[in-house]
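Everything on this sheet refers to the single structure shown next.
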Amino acid sequence: DLHKETGITEFFLQSFERLISFENQIKASNFDDIENESLLTYKKSGFADEWLATVWGVTTKDVSKKRIELNIKPSVKMVDTCAGEFTASTA
């Protein structure tokens, strides 16, 4: 219905729906019981340590420490946004 009313693409709306679902899962979870797979999913979805700490009622340092213990490290990936406009040496 929202797509029909606003013209916002279904892909974009589904992405927000997924994030809201994760947010609800996070709010319903307990910091002490969080598992590697769940925390990795939340981090890959863009949830910041600061926000997670606020929701779980712990410090940012606690979340950072747990993330490091679970071997979840920050990373940045380059995305080619030129879409073939220019010659590139790699794909």
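Using a distance-only test at 3.5 Å, with no hydrogens or angles considered, no donor-acceptor pair links the side chain of Lys65 to the main chain of Thr60. Listed for the Ser38 side chain is no donor-acceptor partner under 3.5 Å among the backbone atoms of Ile34. Without hydrogens or angle criteria, Ser64 side chain to Lys61 main chain gives no donor-acceptor distance under 3.5 Å. The backbone N or O of Trp51 sits nowhere less than 3.5 Å from a side-chain atom of Trp56 that would complete a donor-acceptor pair. Between the side chain of Asp33 and the backbone N or O of Asn30 there is no donor-acceptor pair closer than 3.5 Å.
Summarising the geometry, atom NE2 belonging to His3 is positioned 10.0 Å from atom CD1 belonging to Ile8; distances are rounded to the nearest 0.5 Å. Summarising the geometry, atom CD1 belonging to Ile26 is positioned 9.5 Å from atom OG1 belonging to Thr41; distances are rounded to the nearest 0.5 Å. Note: Asp62 CG to Asp32 CG = 9.0 Å, rounded to the nearest 0.5 Å.
Two different hydrophobic clusters hold Leu19 and Leu13 under the rule that ILVMFWY side chains link at heavy-atom gaps under 4.5 Å. A single hydrophobic cluster is not seen to contain both Phe22 and Phe16; linkage of ILVMFWY side chains at heavy-atom distances under 4.5 Å, directly or through other members, places them apart. Both Leu40 and Val55 are members of a single hydrophobic cluster when ILVMFWY side chains are connected at heavy-atom separations under 4.5 Å.
Looking at heavy atoms from C-beta onward, Lys66 lies in side-chain contact with Phe31 at the 4.5 angstrom threshold.
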Checklist entry - Where do Asn24 and Ser21 land on the side-chain hydrogen bond (donor to acceptor under 3.5 Å, both in side chains) test, with the steps shown first? => result CA-CA 5 Å; Asn24 290 332; Ser21 174; over 6 Å; no
Working for salt bridge (charged side-chain N to carboxylate O under 4.0 Å, His left out), residues Asp49 and Lys43 | CA-CA 8 Å; Asp49 287 355; Lys43 292 303 295 176; 2.8 Å; yes
What verdict does the side chain to side chain contact (heavy atoms under 4.5 Å, CB included) test give for Leu39 and Arg67, after you've listed the backbone C-alpha separation in whole Å, the side-chain angles of each residue and the deciding distance to 0.1 Å? CA-CA 8 Å; Leu39 186 55; Arg67 187 174 40 74; 4.3 Å; yes
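Qualifying side chain to side chain contact (heavy atoms under 4.5 Å, CB included) partners for Asp1, counting only residues two or more places apart in sequence or in other chains: none.
Within the structure, salt bridge (charged side-chain N to carboxylate O under 4.0 Å, His left out) contacts touching residues 4-31 (residues at least two apart or in different chains) are Glu23-Lys27.
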Report all side-chain donor-acceptor pairs from residues 68-79 shorter than 3.5 Å, counting only partners two or more places apart or in another chain.
residue : atom : partner : partner atom : Å
Asn71   : OD1  : Lys73   : NZ           : 3.4

